[in-house]
There are 2 protein chains.
Amino acid sequence: MVRMVDVARQAGVSPMTVSNVVNGRPGVSPGTRARVLAAVAELGYEVNATARSLRTGRTGAVGLVLPDLEGPYHAHLFNRLAAGAESHGWHLLLQRTGGSREGELAAISPAHLRRFEGAIVNLVRLRPADLTRLRLEIPVVFIGESPVPRRFDHVMMDNVGGSRAATSRLLGTGSRRVAIVGGGHEDTDDMASLRTRGYREAHDDVGLAVDPGLVIEVPSYSSDQGHRAVLALHERDPSFDAVFCVTDALAMGALRALADLGLRVPGDVQVIGFDNGPEAEFTVPRLSSVEPGNEAITDQILAVLQQRIRADGAGGSRPPATNTAGARLVLRESTR
Amino acid sequence: MVRMVDVARQAGVSPMTVSNVVNGRPGVSPGTRARVLAAVAELGYEVNATARSLRTGRTGAVGLVLPDLEGPYHAHLFNRLAAGAESHGWHLLLQRTGGSREGELAAISPAHLRRFEGAIVNLVRLRPADLTRLRLEIPVVFIGESPVPRRFDHVMMDNVGGSRAATSRLLGTGSRRVAIVGGGHEDTDDMASLRTRGYREAHDDVGLAVDPGLVIEVPSYSSDQGHRAVLALHERDPSFDAVFCVTDALAMGALRALADLGLRVPGDVQVIGFDNGPEAEFTVPRLSSVEPGNEAITDQILAVLQQRIRADGAGGSRPPATNTAGARLVLRESTR
DNA sequence: ATGAAAGCGCTAACAG
DNA sequence: CTGTTAGCGCTTTCAT
């Protein structure tokens with residue numbers, strides 16, 4: 001391995017001068033700079049990021065911690081954030097927790113998080129109580145629906161508003177028996193509960209009661225669960241005339257199940273998803289979906305993170321922010 | 001930040017003893033160990049991975065370098081590899097190149113790669129000529145179809161065999177005008193060329209000539225390209241009666257385009273994809289696809305990498321291996 | 001079984 | 001403009 005001292009020797013200068021050249025710091029004469037750069041090229045020197053990081057405490061890398069990459073939503077999130085991070089001068093590295101308690105605890109431990117200058121973390125299993133004693137040694141922005149203690153920054157989408165808009169649309173176009181796939185008890189503030197809250201509010205708006213039999217919980221948000229849920233519902237009670245799925249992945253499974261059942265979409269059953277990923281354009285029929293403001297969310301996350309990273313150490317940092325991005329409905333062929 | 005010295009002071013021992021306890025090394029009396037662990041718990045000490053890494057040269061992290069996460073294939077690859085890496089005691093971190101020359105060059109520079117103990121790299125833009133002078137300072141296994149110099153380990157799937165099987169099936173079930181979406185010139189060894197080779201071989205097998213008008217190049221392998229390609233082909237020459245898409249993502253777009261055109265699948269046009277991702281189960285109609293041996297590939301990649309990491313420094317490491325995993329056809333509703 | 005010394009490669013702070 | 005000193009937190013080596 002070629003070290004800075006080797007370059008220094010080769011160029012006949014001190015390591016410090018090499019450091020100054022390599023890092024583009026001012027105050028090096030053109031001649032010296034040229035000799036150093038020549039030595040760098042000749043020896044094929046590359047800075048040792050680990051050593052630099054130990055010395056400066058900065059790594060240039062930002063971590064994105066996600067449960068996994070099932071379903072397209074997280075993949076697109078990563079793509080958008082990676083592109084955005086680039087323009088902030090960071091490298092985004094994705095780490096997976098597997099969606100388990102242990103995986104999440106390990107991922108947010110200082111030992112792992114210190115690889116990064118800052119992190120964007122999406123928890124799904126840990127409860128706020130698990131986080132009360134958490135000491136974060138780097139700036140962290142939490143994303144996703146899992147509630148976190150107030151003292152942390154949290155960027156999320158407008159789950160309630162988006163679900164309410166979707167459900168209102170279904171109820172406003174003749175559907176009376178709207179199922180929600182991926183619904184929950186509304187007794188917590190996780191994704192299932194929040195989106196169920198909007199679903200119920202839309203029912204309240206038109207004076208309709210929610211039938212608990214139409215609120216379907218699922219263990220995960222992948223397509224196979226959507227498929228399975230709709231088949232099971234139809235078996236139990238085929239009276240539903242619309243399905244609101246809390247993710248696009250679930251909705252893709254639901255569309256497949258309706259095709260299996262010989263039901264027409266949107267003629268017999270309307271379907272709306274949530275996320276508005278690129279694949280919504282290519283399902284048969286094309287999927288109507290809640291667009292959660294993906295662009296705005298990406299920008300907000302990175303803005304908050306940059307603020308925190310810059311302010312780190314400096315006093316007067318703003319109080320933690322819970323930012324909510326607006327959602328709107330994108331109508332395609334799966335609704336009337 | 002709590003350091004090892006702090007723990008040592010608290011426990012009344014030397015830093016070295018703390019190090020021994022924290023790393024589970026033998027030769028520490030039970031009493032001392034207990035006192036150290038108590039101090040660790042009380043102060044909330046976590047080892048500083050950066051410092052450890054600078055000293056030992058090992059990071060515990062393995063990098064996966066991919067162009068991006070467009071389309072489901074790479075996302076599933078990441079999931080599988082992350083799970084596998086876990087069981088080898090590594091953390092898998094995903095880094096994106098954006099699919100550009102500069103992005104790829106930056107990602108494989110020692111500066112970035114040294115964050116990792118080993119890396120799995122999928123290049124799409126760089127040619128072997130760009131890699132001839134490349135000095136890798138950590139073990140790297142290349143994956144994907146982009147050819148790399150012989151001296152590197154390379155794990156890939158059986159592109160030619162898989163494509164040949166898919167095309168043979170189409171030709172064997174009555175189709176005579178089989179288009180390939182994502183095809184290439186066969187003058188290089190990239191994915192498009194390899195899969196086109198199998199496509200041509202299948203034609204040769206039955207004594208049919210390939211119509212160059214049915215070989216459709218695309219700039220990327222996402223669904224919108226598949227959609228666009230099929231619409232354009234139909235406009236130019238609607239005589240095709242089957243479409244072989246070199247990725248599932250393309251095939252999803254193709255299915256959507258055929259629906260737009262009012263063509264029945266598989267009645268009017270048969271469709272086969274490549275990758276056999278989970279979403280192939282949920283398209284309408286369900287997508288027949290080439291299963292490239294995903295499980296086997298994951299295992300091979302990790303096995304080769306572990307071998308290299310363990311052998312690093314030790315002499316007698318085996319010559320670079322080019323492993324090819326077998327492919328087989330999974331038939332669903334989009335074929336007859 | 002435990003500890004002291006040295007150093008991984010780099011850069012902040014200061015001196016010249 | 002350039003160099004010297006010191007040390008980031010940890011672990012290897014060797015002594016006790």
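Every chain is numbered from 1 and lettered A, B, ... according to where its sequence line falls, protein lines coming before strand lines.
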Using heavy atoms and a sub-4.0 Å distance, could you list which residues of residues 36-48 of chain A are near DNA chain C? By number, please. Y45(A), V47(A), N48(A)
For atom CG of D6(B) and atom P of dG9(D), their distance in whole Å: 9 Å
Contacts of E145(A) that satisfy side chain to side chain contact (heavy atoms under 4.5 Å, CB included) - sequence neighbours left out: M156(A), M157(A), N159(A), M191(A), L194(A), R195(A)
Taking the side chain as every heavy atom from C-beta outward, state whether L93(A) and F116(A) have any atom pair closer than 4.5 Å. yes
Near DNA chain C, counting only heavy atoms under 4.0 Å, which residues of residues 8-15 of chain A show up? none
Closest non-hydrogen atom pair, H154(A) against V148(A): ND1-CG2, 3.7 Å
Pairwise side chain to side chain donor-acceptor pair (under 3.5 Å) hits with a residue in residues 55-66 of chain A, at least two apart: R58(A)-E117(A)
Atom pairs under 3.5 Å: protein N/O with N/O of nucleotides 13-15 of chain D:
none

First locate atom OG1 of T97(A), then atom CD of E104(A), and finally report the distance between them rounded to the nearest 0.5 Å. 4.5 Å
Tell me, do P30(A) and R33(A) make a side-chain contact under 4.5 Å, heavy atoms counted? no
Do the ring planes of H112(B) and H91(A) sit parallel (below 30°), tilted (30 to 60°) or perpendicular (above 60°)? perpendicular
Check the distance between dA6(D)'s P and R55(A)'s CZ and give it to me in whole angstrom. 13 Å
Taken in chain and number order and not counting sequence neighbours, the residues that satisfy side chain to side chain contact (heavy atoms under 4.5 Å, CB included) with D130(A) are R101(A), L126(A), R127(A)
Please list, in 5' to 3' order, the outermost nucleotides of DNA chain C lying under 4.0 Å from any heavy atom of chain A. dG9(C) to dA13(C)
For the helix from dA1(C)-dT16(D) to dG16(C)-dC1(D), what angle lies between the axis at the first five pairs and the axis at the last five pairs, to 10 degrees? 40°
What's T32(B) touching, base or sugar-phosphate or nothing? Going by heavy atoms closer than 4.0 Å. sugar-phosphate
Show your reasoning for whether side chain to side chain contact (heavy atoms under 4.5 Å, CB included) applies to L113(A) and I108(A). CA-CA 6 Å; L113(A) 242 31; I108(A) 62 173; 4.2 Å; yes
How would you list, by chain and number, every residue that makes a side chain to side chain contact (heavy atoms under 4.5 Å, CB included) with T50(A), sequence neighbours excluded? N48(A), T50(B), S53(B), L54(B)
Who passes side chain to side chain contact (heavy atoms under 4.5 Å, CB included) against E46(B), sequence neighbours left out? S109(A), P110(A), A111(A), R114(A)
Do any of residues 21-29 of chain A sit with a heavy atom less than 4.0 Å from DNA chain C, and if so which? N23(A), R25(A)
Does N122(B) reach the main-chain N or O of L66(B) with its side chain, forming a donor-acceptor pair under 3.5 Å? no
For L92(B) and R96(A), run side chain to side chain contact (heavy atoms under 4.5 Å, CB included): C-alpha distance rounded to whole Å, both residues' side-chain angles, the deciding distance at 0.1 Å, then the answer. CA-CA 8 Å; L92(B) 190 73; R96(A) 191 189 86 120; over 6 Å; no
R35(A) CZ - dC1(D) P separation (whole Å): 14 Å
Residues I297(B), I143(B); criterion side chain to side chain contact (heavy atoms under 4.5 Å, CB included); working and verdict: CA-CA 9 Å; I297(B) 288 175; I143(B) 60 172; 5.8 Å; no
Does any non-hydrogen side-chain atom of L123(B) lie less than 4.5 Å from one of L131(B)? yes
Taking atom types as modelled, is there a side-chain donor on S146(A) or R125(A) under 3.5 Å from an acceptor on the other? no
Only distances under 3.5 Å count here; give the side-chain donor-acceptor pairs of residues 34-42 of chain A to other protein atoms, sequence neighbours excluded, each with its distance to 0.1 Å.
{"unit_1": "R35(A)", "atom_1": "NH1", "unit_2": "A11(A)", "atom_2": "O", "d": "2.8"}
{"unit_1": "E42(A)", "atom_1": "OE1", "unit_2": "Q10(A)", "atom_2": "NE2", "d": "3.1"}
{"unit_1": "E42(A)", "atom_1": "OE2", "unit_2": "Q10(A)", "atom_2": "NE2", "d": "3.3"}

Nearest whole angstrom, please: distance from the P of dG3(D) to the CG of N20(A). 10 Å
When you look at Y45(A) and D6(A), which way does the side chain to side chain contact (heavy atoms under 4.5 Å, CB included) test go after all the steps? CA-CA 9 Å; Y45(A) 169 75; D6(A) 304 321; over 6 Å; no
